[in-house]
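For clarity, every value in this text was computed on a predicted model and none was experimentally measured.
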Amino acid sequence: MARLKFGAFLAPHHPIGEHPMLQFRRDLDFVEQLDALGYDEFWCGEHHSSGWETIASPEMFLAAAGERTKRIKLGTGVISLPYHHPFNVAQRMVQLDHMTGGRAIFGSGPGALASDAHTLGIDPMTQRDRQDEAIAVIRRLFNGERVTAKTDWFEMHDAALQILPLQEDMPFVVASQISPSGMTLAGKYGIGIISLGSMSTQGLMALPQQWQFAEDAAAKAGTTVSRANWRVLLSWHIAETREQARREAGAGLLRWHNEYNVGTLMRPGLTAFASADEAVDKTAFVEGAASTIGTPDDLIKMIKNLVDVSGGVGSIIGFAHDWANIENTRRSWDLVARYVVPEINGYIDGLRKSRQFLVDNRGVFERAGQAVMAKIMQNDKAAAALQQTGTGRVAIPAVNAPDLAKEAAKQKV
């Protein structure tokens, strides 16, 4: 299996009550932690309502994150293209790319919250077509073209970027949830995808079906799509034991589901959970769950199953949430980096093989012990001291030492 990349997706979903200034700072601390732990990507979104989703400008947030980090890629997850003039989006992304040293990923979507579109007077029926129109124009601008265009929602006259992206080919990524539109856009333009849907094995939200939408559109447009550029979103909270993970995440998960998904967004088909245990059971322990609340081994199993079900993806993106408190949340991401990522990507396979080689080749080390004994017996004082040697305790056992107590018993005989 090809090595997977790992990242985090911060919508964000923060319960109302915390000081917004401190939330922003906490989120920046989180990006810094991910960078130090070796995660590949960080994504944050654009929202203007709902109370829980507080980042209005992902470009502004990511520019600040770029100053705190060294290597992690920084993706807009996503810029809602129908809300903006495409030329302004292109200019901001170019500036972000330069300010982060070429680490920007341009992620776009049609806009997730109906309340945002309503605020801006945008008809939801137009949003996906407008995203398509904007991507086409932004790609031309990034290529250095001078663009004149007129649509029912924007105009350009001899528009050209005076600075091009620092990256020769800044990654384009589109978000995909339920409808085929995101995957179809990816296929049409031959760009990347971040799937925010579920692990359903059938129907519209099934990963194989979603990928088929992309391949069909690519074939029609004469482009290609690569699974290496396919990111799939999962949710997790990881601890040393399942019981600990349940205990840490249950109350926050209950609040997130009941107060936000049901009480605020009123998502169709969802009902409130009666308890934290029910929230955990129905989120992480049902067939087709896209969430893991448990141990690193549980998440490893989930990811391997996702790869098998989907046919292969390029990146696993964890959904950042406040199910647990700050300390336990940070610990969860630390455990994933330390134990899940290396297991999935084979970083410790060589260590296991090296250890097993030692176990399987004891003769080599017995010979080394014989060499030590030969030197002891060549020294009269050492040989005499050997007979008095018992089972001692040392801070660090000598690697090549023979069993001195056993050898002393032989000498006495």
Side-chain angles (χ1 to χ4, degrees), residues 5-81 83-85 87-109 111-113 116 138 142 161 163-167 170-173 175 194 231 233 315 317-322 325-327 329-330 332-334 336-337:
K5 293 181 179 179
F6 283 79
F9 185 99
L10 180 78
H13 283 188
H14 291 316
I16 298 171
E18 184 179 348
H19 195 311
M21 177 189 72
L22 298 180
Q23 279 184 342
F24 288 134
R25 291 181 179 177
R26 171 158 65 92
D27 289 339
L28 288 170
D29 289 342
F30 177 56
V31 189
E32 197 169 2
Q33 179 198 10
L34 296 177
D35 186 55
L37 289 173
Y39 283 90
D40 299 287
E41 299 176 354
F42 171 82
W43 299 77
C44 70
E46 173 193 354
H47 304 92
H48 306 281
S49 56
S50 86
W52 283 56
E53 305 195 48
T54 53
I55 294 176
S57 171
E59 307 99 314
M60 185 180 295
F61 184 91
L62 295 175
E67 292 299 299
R68 288 193 179 207
T69 56
K70 298 178 180 178
R71 51 165 298 281
I72 194 167
K73 297 283 188 177
L74 301 167
T76 56
V78 294
I79 295 175
S80 300
L81 291 182
Y83 303 170
H84 309 276
H85 194 292
F87 187 80
N88 290 334
V89 174
Q91 291 230 99
R92 292 197 300 267
M93 285 306 304
V94 167
Q95 181 169 333
L96 178 64
D97 200 38
H98 281 266
M99 291 181 68
T100 59
R103 290 187 282 146
I105 303 174
F106 175 40
S108 73
L113 295 180
D116 289 350
I138 293 169
F142 279 5
L161 297 174
I163 304 174
L164 295 180
L166 182 60
Q167 299 176 82
M170 185 193 296
F172 272 63
V173 176
I194 182 165
R231 298 159 175 88
L233 192 75
S315 303
I317 308 298
F319 180 68
H321 48 69
D322 287 353
N325 64 28
I326 296 172
E327 293 76 19
T329 297
R330 291 176 67 90
S332 172
W333 288 90
D334 182 89
V336 173

Report the distance from atom [atom1] of [X] to atom [atom2] of [Y], rounding to the nearest 0.5 Å.
{"X": "Thr329", "Y": "Asp334", "atom1": "OG1", "atom2": "CG", "value": "12.5 Å"}
{"X": "Met170", "Y": "Leu164", "atom1": "CE", "atom2": "CG", "value": "10.0 Å"}
{"X": "Glu41", "Y": "Ile194", "atom1": "CD", "atom2": "CD1", "value": "7.5 Å"}
{"X": "His19", "Y": "Arg25", "atom1": "NE2", "atom2": "CZ", "value": "8.5 Å"}
{"X": "Gln23", "Y": "Glu18", "atom1": "CD", "atom2": "CD", "value": "4.5 Å"}

Considering only heavy atoms from C-beta outward, does the side chain of [X] approach that of [Y] to under 4.5 Å?
{"X": "Glu59", "Y": "Ile79", "answer": "yes"}
{"X": "Ile105", "Y": "Arg231", "answer": "yes"}
{"X": "Ile55", "Y": "Cys44", "answer": "yes"}
{"X": "Leu74", "Y": "Leu96", "answer": "no"}
{"X": "Asp29", "Y": "Arg330", "answer": "yes"}
{"X": "Val78", "Y": "Trp43", "answer": "no"}

Indicate yes or no for a side-chain donor-acceptor contact from [X] to the backbone of [Y] under 3.5 Å, with no hydrogens or angles considered.
{"X": "Thr76", "Y": "Phe106", "value": "no"}
{"X": "Asp40", "Y": "Lys73", "value": "no"}
{"X": "Gln167", "Y": "Ala104", "value": "yes"}
{"X": "His47", "Y": "Leu113", "value": "no"}
{"X": "Arg103", "Y": "Thr69", "value": "yes"}
{"X": "His13", "Y": "Ala320", "value": "no"}

- Task: Please indicate whether Gln95 has more than 12 foreign heavy atoms, meaning atoms of other residues, nucleotides or ligands, lying under 6.0 Å from its CD.
- Result: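 No, because the 6.0 Å sphere around CD of Gln95 holds 12 heavy atoms or fewer from other groups.
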- Just wondering, are more than 12 heavy atoms of other shown residues or ligands nearer than 6.0 Å to CZ in Arg71? yes
Looking only at heavy atoms, what is the nearest atom pair of [X] and [Y], with distance?
{"X": "Ser80", "Y": "Gly111", "value": "OG-CA, 3.4 Å"}
{"X": "Glu46", "Y": "Pro58", "value": "CB-CD, 3.7 Å"}
{"X": "Gly102", "Y": "Leu166", "value": "N-CD2, 3.4 Å"}

- For Tyr39, the option from Phe30, Phe9, Phe6, Trp333 that meets ring-ring contact (aromatic ring centres under 6.0 Å, His included): Trp333
- Task: May I ask you to decide if the ring planes of Phe319 and His321 are parallel, tilted or perpendicular, using 30° and 60° as cut-offs?
- Result: tilted
- Do the side-chain N and O atoms of His14 and Asp322 include a donor-acceptor pair separated by under 3.5 angstrom?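 Per modelled atom types, His14 and Asp322 side chains form a pair under 3.5 Å.
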- Would Arg92 and Ser57 satisfy side-chain hydrogen bond (donor to acceptor under 3.5 Å, both in side chains), going step by step from the backbone distance to the final call? CA-CA 10 Å; Arg92 292 197 300 267; Ser57 171; 5.6 Å; no
